[in-house]
There are 2 protein chains.
Amino acid sequence: MKPKLSDVAEEAGVSPTTVSRVINNHGYLSARTKQKVYDAMEKLHYQPNSLARSLKGKKTKIIGLIFPGITNPFFAELIEKLEKQLFLKGYKVILCNAADDIAKERDYIKMLIANQVDGIITGAHNLGIEEYQNIHLPIVAFDRRYASGMPTISSDNLQGGILATQTLYEAGARHIYFMGNPNQKGNPTDRRLQGYYQQMTKLGLESQVMPIFFDETPKIKKVSIQRFLKERKADGIVCSDDLTAILVLQSAKELQIEIPDTLKVVGYDGTTFIQTYFPELTTIVQPLDDIAMMLVESLLNRMSNRVDKLGENDFILPVSLHHGATI
Amino acid sequence: MKPKLSDVAEEAGVSPTTVSRVINNHGYLSARTKQKVYDAMEKLHYQPNSLARSLKGKKTKIIGLIFPGITNPFFAELIEKLEKQLFLKGYKVILCNAADDIAKERDYIKMLIANQVDGIITGAHNLGIEEYQNIHLPIVAFDRRYASGMPTISSDNLQGGILATQTLYEAGARHIYFMGNPNQKGNPTDRRLQGYYQQMTKLGLESQVMPIFFDETPKIKKVSIQRFLKERKADGIVCSDDLTAILVLQSAKELQIEIPDTLKVVGYDGTTFIQTYFPELTTIVQPLDDIAMMLVESLLNRMSNRVDKLGENDFILPVSLHHGATI
DNA sequence: TTGTAAGCGTTATCAG
DNA sequence: CTGATAACGCTTACAA
């Protein structure tokens, strides 16, 4: 059987209370007692039971992370950064892969509550904000809009859309398309699209959207992209994310469309991964380090100050441009 | 205050026991009582406290996953598959990023024990097997050797090394190098290297290793690779993983070395991600679905059968070849 | 079919 | 400086 606190107490010849005090560095204890307890713990390979501890009102020191998946390098990097920061502050992480599945997301939220997590960071977009409203738990969100009461961290998607469009324009493109999820409220891509619209209008050009949906497999996406490229209407494409942009590059190559001469492409996200392994891709870079830091800080804030002024926790972080050869 | 089981009982006008029975579907209950309890739970937004439940001897239904990171698509995909399978079986996952950090891995293991996880799947390689030996918890490992007593699932790294080498040979390469971590015992790359050696000997060719270390950043790796390629000694390279292979392709392009005419490259891992976004890369494909399935099955097995015959739980799954344009 | 009471491993309170 | 005791929220014999 696993040793428990009372076993340690017996071994050390002291009371359970004393052992607990030693573990938690609580109150005054003689050095000799401390040592005895340490020795006993060592000898029995004692590990305190977090469950019992948390049941007694202590924090679990666990944070739930809800994201749509980890195979997209963007989320992989964000999650890794979050985990790193949280670990340094003494928190562990339960990873919830919502996988574009409403039921799964709901299940996971229930589970997190049942496990008494101290807080939640969500980056999934399945559930409406309403569903999150009556969870009485500190939550912060990545990249959501209209989240009244729930702090939201995001990068400047509107500006990103503008920047991408403007960059293509300056490089000489005039038939600039937006490729991505058209008009999904609450979805960050929407703001990118708005930025595109806004800038196109300003430039006196006609906006055109080539719809590509997030939940399609890359193969399906590629078929649509090929079909689209064959028509050769565009000389510039703002892609809603880097992976889509890469499919565009692949397709262009297969169709022998010259990049950037005939077609210029700008991606979106600019993860370290993409910048390393696809350095040629011009892309809008989201400041992942800052995003992760703000998410953690915001959550920790929320967890300590029980009442903080709502609305003041929203942050929109600036994006930048990685200039590659696709433009 | 959060509602507890006794609040529900009071609301429903029954005893706590009855509520507990309803929740756990235990014994006989009148339909009317059940309904009353359900209504009360609904009304109070009751969520059972998993901690208390587990304290009372119930399983936590949590599995710890220890891996060296999630930004490498290989681990991202493996972890995602593991999470998916475990979720279906009612388990949640605590993600532990060991990050090539011995202390962190040790910390995480302690934490997992403290949180009474039901089992652990480890894919990190920092700690010696000895350290895992005296954890009295079901554990299975991915890609470890010599793990006496701990079931180990891996793909056939030896065969992979042979296959990669043979493929290059058949494509006409004669100066075939192995690029990767040289000779690290316990590390899977080692077996790949052995396969390379073995096949080179069989082919009557001279083995040559170009050392590249896992913990180096891509930028540093790339500098070494560039230097290596400039000498133009190799006409074929077996890379220990796909990401390294991509750096080789990049460097070759920059140095205007023709692929595959002047230099042929084979990668290793063959994730869906790489096959999708770098389809041109020829690579040895590890059967990720099977690996994930075996890991889960093996762990669940371990968790139920308290005594199973050791040694019969090791599995080495076959690899295959994805044929791309780099050869 | 339902209820009473003890106990899971820890910590907080109150004595000493 | 140290110890006894109750309590955290739930499950499970054992009764009724």
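The chains referred to below are lettered A, B, ... by the order of the sequence lines, with proteins before strands, and numbering in each begins at 1.
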Exercise. Look at the side chain of A:K56 and the base of D:dA7, then say whether one donor and one acceptor between them are separated by less than 3.5 Å.
Key: yes
Quiz prompt | Distance, rounded to the nearest Å, where A:E10 contributes CD and C:dG9 contributes C1' | solution = 15 Å
Practice problem: For B:S30, answer base if it contacts any base atom (sugar-phosphate contacts may also be present), sugar-phosphate if it contacts only those atoms, and nothing otherwise; contact means non-hydrogen atoms under 4.0 Å. | Solution: sugar-phosphate
Exercise. Please confirm whether any donor atom in the side chain of A:S15 sits under 3.5 Å from an acceptor in the base of D:dA4, or the reverse.
Key: no
Exercise. Rounded to the nearest angstrom, tell me the gap between atom NE2 in A:H26 and atom P in C:dC14.
Key: 14 Å
Self-check item: Short side-chain N/O contact from B:N24 to OP1 or OP2 of D:dT11, under 4.0 Å
Solution: yes
Exercise. Would you please test A:T152 and A:D314 for side chain to side chain donor-acceptor pair (under 3.5 Å) and show each step?
Key: CA-CA 5 Å; A:T152 296; A:D314 286 17; 4.6 Å; no
Quiz item: Looking at the side chain of A:K58, which of D:dG9, C:dA12, C:dT10 is the nearest nucleotide?
Solution: C:dA12
Quiz item: Between A:Y46 and B:Y28, which is nearer to the 5' end of DNA chain C once each is assigned its nearest nucleotide?
Solution: B:Y28
Quiz prompt | Atom-to-atom span, CZ of B:R21 to P of D:dT11 - whole angstrom | solution = 12 Å
Quiz item: CG of B:L51 versus C1' of C:dG7: gap in Å, rounded?
Solution: 17 Å
Quiz item: Which of parallel (below 30°), tilted (30 to 60°) and perpendicular (above 60°) describes B:F142 and B:F75?
Solution: perpendicular
Practice problem: Indicate, with a heavy-atom threshold strictly under 4.0 Å, whether B:T33 touches base, sugar-phosphate, or nothing. | Solution: sugar-phosphate
Quiz prompt | Euclidean distance, atom CG of residue B:N25 to atom C1' of C:dT1 [Å, nearest integer] | solution = 15 Å
Exercise. Classify the nucleic acid contact of B:S20 as base, sugar-phosphate or nothing, counting any heavy atom under 4.0 Å across all strands shown.
Key: base
Quiz item: What integer distance in Å separates B:Q47:CD from D:dG9:P?
Solution: 15 Å
Quiz item: What nucleic acid atoms does A:L55 come within less than 4.0 Å of, heavy atoms only: base, sugar-phosphate, or nothing?
Solution: base
Quiz item: So what does A:T18 hit on the nucleic acid, given a heavy-atom distance under 4.0 Å: a base, only sugar-phosphate, or nothing?
Solution: sugar-phosphate
Self-check item: Smallest separation among heavy atoms of A:I23 and A:M41, with atom names
Solution: CG1-SD, 3.9 Å
Practice problem: State, to 0.1 Å, how close B:P151 and B:I139 come at their nearest heavy-atom pair, and which atoms those are. | Solution: CD-O, 3.3 Å
